[in-house]
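Down below is the structure, laid out as structure tokens.
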Number of protein chains: 2
Amino acid sequence: MEAVLRPYELGTTQWYVLYQLAHCGPTMQRDLVKALQVERATLSAIIGVLVRKGLVEQVPDRVDQRQKLLRMTAAGARLWKELPDLAVIHDVAFKGMDDTAIANAIRVLQTATERLEKFIDRS
Amino acid sequence: MEAVLRPYELGTTQWYVLYQLAHCGPTMQRDLVKALQVERATLSAIIGVLVRKGLVEQVPDRVDQRQKLLRMTAAGARLWKELPDLAVIHDVAFKGMDDTAIANAIRVLQTATERLEKFIDRS
DNA sequence: ACAATATTGTCAGATGGCTAACAAAAAAGC
DNA sequence: GCTTTTTTGTTAGCCATCTGACAATATTGT
């Protein structure tokens with residue numbers, strides 16, 4: 001992803017923010033934190049970059065003034081349309097491989113992840 | 001790993017440097033770059049941290065003055081002995097799982113990685 | 001209603017990763 | 001032998017991530 005995105009001066013997480021805004025419309029920053037599985041502070045920094053680049057706007061909510069709504073700007077939408085389709089990456093990596101083997105791999109990793117998370121919580 | 005190492009103020013890559021020095025003895029910095037699969041600049045920064053902490057020494061080579069030999073200090077060896085065994089992490093993640101399933105998962109990921117690397121090289 | 005608590009975003013400072021550019025030293029070529 | 005190239009490490013600057021502390025704002029509890 002880095003390699004594909006570099007010419008556009010976009011990092012992968014920046015790309016993911018744009019992806020969310022393009023597919024789900026304007027979103028509260030706090031909801032993006034959950035969607036991207038990232039810390040509040042991390043997202044704050046990333047949004048900061050996107051705002052400085054003029055690709056995303058932060059609109060304070062009228063009822064809850066803590067929250068901010070994120071919206072793609074016209075420039076953001078323009079850039080988004082120029083971006084190449086990242087699905088090729090998935091194809092390059094997995095096309096033609098045995099589907100059940102892939103599914104198995106995913107299960108193995110998910111199980112390991114869950115176990116480690118439980119372990120960290122307990123300790 | 002982060003969670004286990006945090007009480008000792010060690011990052012995972014710092015740990016890995018100590019691991020190498022503990023298991024393979026003093027090592028040239030350039031060889032560590034290959035062992036850790038990391039950029040020269042990245043390792044340089046990490047070594048910088050370990051040197052500041054007094055856990056590792058950088059000794060310029062007598063014959064080739066560009067190269068630097070890395071050696072654990074007494075303080076580094078002392079800390080290393082205190083560190084918990086990280087094998088528990090492997091156990092927590094994978095113990096009791098089907099070995100062939102794990103081997104399959106590894107194969108899937110290795111293949112995907114190789115394909116992506118080839119793709120990046122070509123493009 | 002007011003005090004205590006929880007949520008949301010930001011800032012500061014750290015790690016770890018990258019690239020690009022540089023300096024010093026060694027090796028290769030001519 | 002001297003020039004050019006390669007190797008080695010560092011520095012600077014960027015992105016992404018984390019934790020911890022903070023301010024502002026809501027919510028809850030009494």
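Chain letters run A, B, ... following the sequence lines, proteins first, then strands; residues in each count from 1.
- Look at CG on B:Leu70: it is 12 Å from C1' on D:dT8, rounded to the nearest Å.
- Of all the heavy atoms in B:Thr42 and B:Val38, the pair that sits closest is CB-CG1, 3.9 Å.
- Note on ring orientation: taking the six-membered ring where Trp is involved, the planes of A:Trp80 and A:Trp15 are tilted (angle from 30° to 60°).
- Linking Ile, Leu, Val, Met, Phe, Trp and Tyr residues whenever their side-chain heavy atoms come within less than 4.5 Å places A:Leu86 and A:Ile46 in a single cluster.
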Detail all sub-3.5 Å separations between protein N/O atoms and N/O atoms belonging to nucleotides 19-23 of chain D.
none

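- Distance, A:Arg62 CZ to D:dT25 P: 16 Å, rounded to whole Å.
- In this structure, A:Glu9 places its CD atom 14 Å from C1' of C:dA20, rounding to the nearest Å.
- Distances shorter than 4.0 Å separate some side-chain N or O of B:Gln58 from OP1 or OP2 on D:dT10.
- With rounding to whole Å, A:Leu5 atom CG is found 17 Å from C:dG17 atom C1'.
- The phosphate of C:dG17 has OP1 or OP2 within less than 4.0 Å of a side-chain N or O from B:Thr13.
- B:Lys95 and A:Arg115 get closest at one heavy-atom pair: O-NH1, 2.9 Å.
- Taking the side chain as every heavy atom from C-beta outward, B:Asn104 and A:Val108 never approach each other to under 4.5 Å.
- Note on B:Ile46: only backbone sugar-phosphate atoms sit closer than 4.0 angstrom, heavy atoms only; bases stay farther off.
- For the residue pair B:Val56 and B:Leu18, the shortest heavy atom distance occurs at CG2-CD2, 3.9 Å.
- Protein atom CH2 of A:Trp15 is 13 Å distant from nucleotide atom P of D:dA16, rounded to whole Å.
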What nitrogen or oxygen pairs link the protein and nucleotides 2-7 of chain D at under 3.5 Å?
residue, atom, partner, partner atom, Å
D:dT7, O2, B:Arg66, NH1, 2.7

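- Closest heavy-atom contact between A:Leu5 and A:Leu10: CB-O, 3.3 Å.
- When each of A:Val63 and A:Gln37 is assigned the nucleotide of DNA chain D bearing its nearest heavy atom, the one mapping closer to the 5' terminus is A:Gln37.
- A:Ile102 and A:Met97 make their closest contact through CD1-CB, 3.9 Å (heavy atoms, listed as atom of the first residue, atom of the second, distance).
- Between the CG atom of B:Asp64 and the P atom of C:dA23 there is a distance of 19 Å, rounded to whole Å.
- For A:Met1 and C:dC18, the CE to P distance is 17 Å, given to the nearest whole Å.
- Rounded to whole Å, atom P of C:dA14 lies 16 Å from atom CG of B:Leu50.
- Listed nucleotides C:dT15, C:dT8, C:dT10 differ in distance to A:Lys68; the shortest reach to its side chain belongs to C:dT10.
- Between A:Ser44 and B:Thr12, it is A:Ser44 whose nearest contact on DNA chain C lies nearer the 5' terminus.
- With contacts defined as side-chain heavy-atom distances shorter than 4.5 Å, the pair A:Asp31/A:Gln20 does not qualify.
- Pairing each heavy atom of A:Leu21 with each of A:Pro26, the nearest pair is CD2-CA, 4.4 Å.
- At C:dG16, one or more side-chain N or O atoms of B:Gln14 fall inside 4.0 Å of OP1 or OP2 (strictly under the cut-off).
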